[in-house]
Amino acid sequence: MIDSYFVNNRSKCAKRKMDQEEREEEPEMKAKVFNTENLNKSNNSSCQATSSSKLSFLEMDRKVNLQWKQIISENLNLEYVQLFSETEADVLFQEAEKVIKYNADSKVFVYGKWHKVPRKQAAYGDMGLTYTFSGTTVVAQPWNNAPFLKHIGDLVSCLSGGHKFNFVLVNRYNDGNDHMGEHRDDEADLVPKSAIASVSVGQARDFIFRHRDARGSGAKRKIDPVKFELSHGSLLIMNHPTNVYWFHSLPVRKKVICPRINLTFRQMVVKK
DNA sequence: TACGGTCACCGGA
DNA sequence: ATCCGGTGACCGT
């Protein structure tokens with residue numbers, strides 16, 4: 001049974017995070033990071049859920065006072081912001097735990113073998129949309145089954161300067177053993193050049209980008225990976241052409257004991 | 001100091 | 001998008 005382990009055990013989780021911070025030096029960041037306020041587009045209009053939500057804070061103006069970071073490297077274009085307060089993110093985490101129905105034993109076909117994915121997976125979106133990768137197809141459940149996801153998507157769409165999203169893939173990482181291997185989001189179902197918006201709640205986890213030309217023993221070039229943490233209540237926007245050149249992963253972290261839920265909002269091709 | 005256990009990282013399949 | 005194995009760093013004793 002899914003509980004609210006992350007929220008109920010906040011002190012345990014927070015302490016563990018502090019231990020790590022004490023141990024570790026500031027990581028090297030070769031990519032350029034720019035701090036910008038209200039990065040996204042010129043006008044001053046507010047951003048909020050477009051339809052009435054029972055989570056009232058989703059209807060607050062989100063555009064003011066956001067401290068965006070722009071993370072730039074060769075063909076890498078990311079925008080990162082702490083979108084929700086800790087309290088708000090707690091509410092979203094618990095709503096997700098209550099509402100989201102995960103697919104039973106999702107499997108993928110990689111290098112000639114079927115594997116159970118090392119996390120839980122679900123998808124919501126417009127009627128009829130599906131997402132196919134590594135031999136598996138995830139079918140969107142209707143937004144009505146999890147309205148808060150639609151509301152977050154609308155909010156993020158506004159904040160990102162008008163990217164449209166009709167689909168959200170939900171990944172739940174129960175602890176540090178749950179992970180996702182290196183890959184690019186380059187599936188045919190995705191609208192070409194569309195941005196992907198990633199909202200995280202629960203346990204903060206490391207996230208790593210590696211350039212395609214800097215991988216493997218015969219790597220053509222030496223390009224430093226880009227590593228940072230996706231925090232509780234954060235939003236990461238991956239802009240084109242990031243997904244053409246950079247692989248990303250959520251590595252195993254043995255010391256992590258708390259769950260994280262990630263929502264990746266996408267624009268999928270509408271099939272005729 | 002030396003060693004054993006753990007873990008992060010990376011390449012190969 | 002998977003797991004597995006080799007390497008090397010790090011930590012505690």
Side-chain angles (χ1 to χ4, degrees), chain A residues 13 15-31 73 76 102-123 125 129-140 167-190 192 194 196 198 200 203-230 236 238 242-258 260-266 268-269:
Chain A
C13 298
K15 174 154 193 328
R16 192 159 286 275
K17 184 170 186 292
M18 208 194 318
D19 290 347
Q20 285 177 7
E21 281 169 357
E22 285 163 5
R23 250 195 324 278
E24 289 165 13
E25 297 290 316
E26 189 68 22
E28 221 176 322
M29 176 72 87
K30 297 287 175 60
S73 188
L76 179 88
Y102 292 93
N103 298 335
D105 64 22
S106 305
K107 287 184 176 150
V108 291
F109 193 72
V110 180
Y111 272 92
K113 285 180 183 167
W114 286 98
H115 298 279
K116 191 170 183 294
V117 300
R119 60 190 172 276
K120 284 185 176 174
Q121 217 157 55
L129 291 180
T130 61
Y131 188 28
T132 298
F133 54 89
S134 300
T136 192
T137 297
V138 187
V139 178
F167 186 95
V168 60
L169 183 66
V170 183
N171 281 294
R172 185 183 188 280
Y173 304 88
N174 194 52
D175 60 29
N177 289 310
D178 277 0
H179 64 279
M180 174 142 39
E182 232 176 30
H183 70 287
R184 293 178 291 173
D185 290 325
D186 58 353
E187 306 303 329
D189 290 337
L190 289 163
S194 60
I196 294 175
S198 166
S200 299
Q203 172 65 50
R205 289 287 294 267
D206 289 341
F207 200 56
I208 301 181
F209 287 84
R210 280 208 300 161
H211 195 285
R212 67 181 189 188
D213 294 342
R215 299 167 77 245
S217 58
K220 297 188 202 115
R221 308 180 48 202
K222 171 89 179 83
I223 303 173
D224 286 319
V226 175
K227 310 180 184 188
F228 54 94
E229 195 179 65
L230 297 175
L236 174 70
M238 289 175 269
T242 301
N243 264 125
V244 178
Y245 295 93
W246 293 76
F247 288 68
H248 59 268
S249 66
L250 188 96
V252 169
R253 286 291 178 262
K254 293 292 181 187
K255 296 178 191 70
V256 166
I257 59 170
C258 293
R260 164 178 184 264
I261 298 171
N262 181 62
L263 316 170
T264 50
F265 293 91
R266 297 148 189 271
M268 313 298 286
V269 173

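Computed from a predicted model, the values in this text were never measured in an experiment. Reckoned from all heavy atoms, side chains included, excluding hydrogens, waters and symmetry mates. A note on names: the letters A, B, ... follow the listed sequences, proteins ahead of strands, and every chain is numbered from 1.
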Exercise. Pick base, sugar-phosphate or nothing for A:P251, based on heavy-atom distances below 4.0 Å to the nucleic acid.
Key: nothing
Quiz item: Which residues satisfy the ring pair (Phe, Tyr, Trp, His ring centres under 6.0 Å) test with A:F109, sequence neighbours excluded?
Solution: A:W114
Give me the atom names and distance for the closest heavy-atom approach of [X] to [Y].
{"X": "A:T132", "Y": "A:E187", "value": "O-OE1, 3.4 Å"}
{"X": "A:F207", "Y": "A:S249", "value": "CD1-O, 3.4 Å"}
{"X": "A:H115", "Y": "A:V110", "value": "NE2-O, 4.0 Å"}
{"X": "A:A188", "Y": "A:V269", "value": "O-CG2, 3.9 Å"}

Practice problem: Indicate the ring-plane relationship of A:F209 and A:H248, choosing parallel, tilted or perpendicular according to the 30° and 60° boundaries. | Solution: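 A:F209 and A:H248: tilted rings.
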Quiz prompt | Residues from residues 109-117 of chain A lying under 4.0 Å of DNA chain C - heavy atoms | solution =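 Contacting residues: A:V110, A:H115.
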Self-check item: Pair A:N103, A:Q121: side-chain N/O donor-acceptor within cut-off below 3.5 Å
Solution: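 No.
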Quiz item: Going by atom types alone, do A:N243 and A:R184 pair a side-chain donor with an acceptor below 3.5 Å?
Solution: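 The answer is no; no qualifying pair exists.
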Quiz item: Short question: side chain of A:R205, backbone of A:P251 - any donor-acceptor pair under 3.5 Å?
Solution: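 Yes; at least one donor-acceptor contact below 3.5 Å.
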Quiz item: So, A:R253 side chain and A:D178 main chain: donor-acceptor pair closer than 3.5 Å or not?
Solution: no
Please list each protein N or O that sits under 3.5 Å from an N or O in nucleotides 4-10 of chain C, with the distance.
none

Quiz item: Going by an N to O cut-off under 4.0 Å, is there a salt bridge joining A:R266 and A:D185?
Solution: yes
Exercise. Could you tell me whether A:K116 and A:D105 make a salt bridge, using a distance below 4.0 angstrom between a side-chain N and a carboxylate O?
Key: no
Exercise. Tell me which of A:D206 and A:G218 sits closer to the 5' end of DNA chain B, going by the nucleotide each one is nearest to.
Key: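 It is A:D206 whose nearest nucleotide is closer to the 5' end.
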Practice problem: For A:E182, check salt bridge (charged side-chain N to carboxylate O under 4.0 Å, His left out) against everything at least two apart and list the hits. | Solution: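 A:R210, A:R215.
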Quiz item: Listed in order of residue number, which residues of residues 178-188 of chain A have a non-hydrogen atom at under 4.0 Å from DNA chain B?
Solution: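 The answer is none.
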Exercise. Taking heavy atoms of chain A and a 4.0 Å limit, find me the 5'-most and 3'-most nucleotide of DNA chain B within that range.
Key: B:dC7 to B:dA13
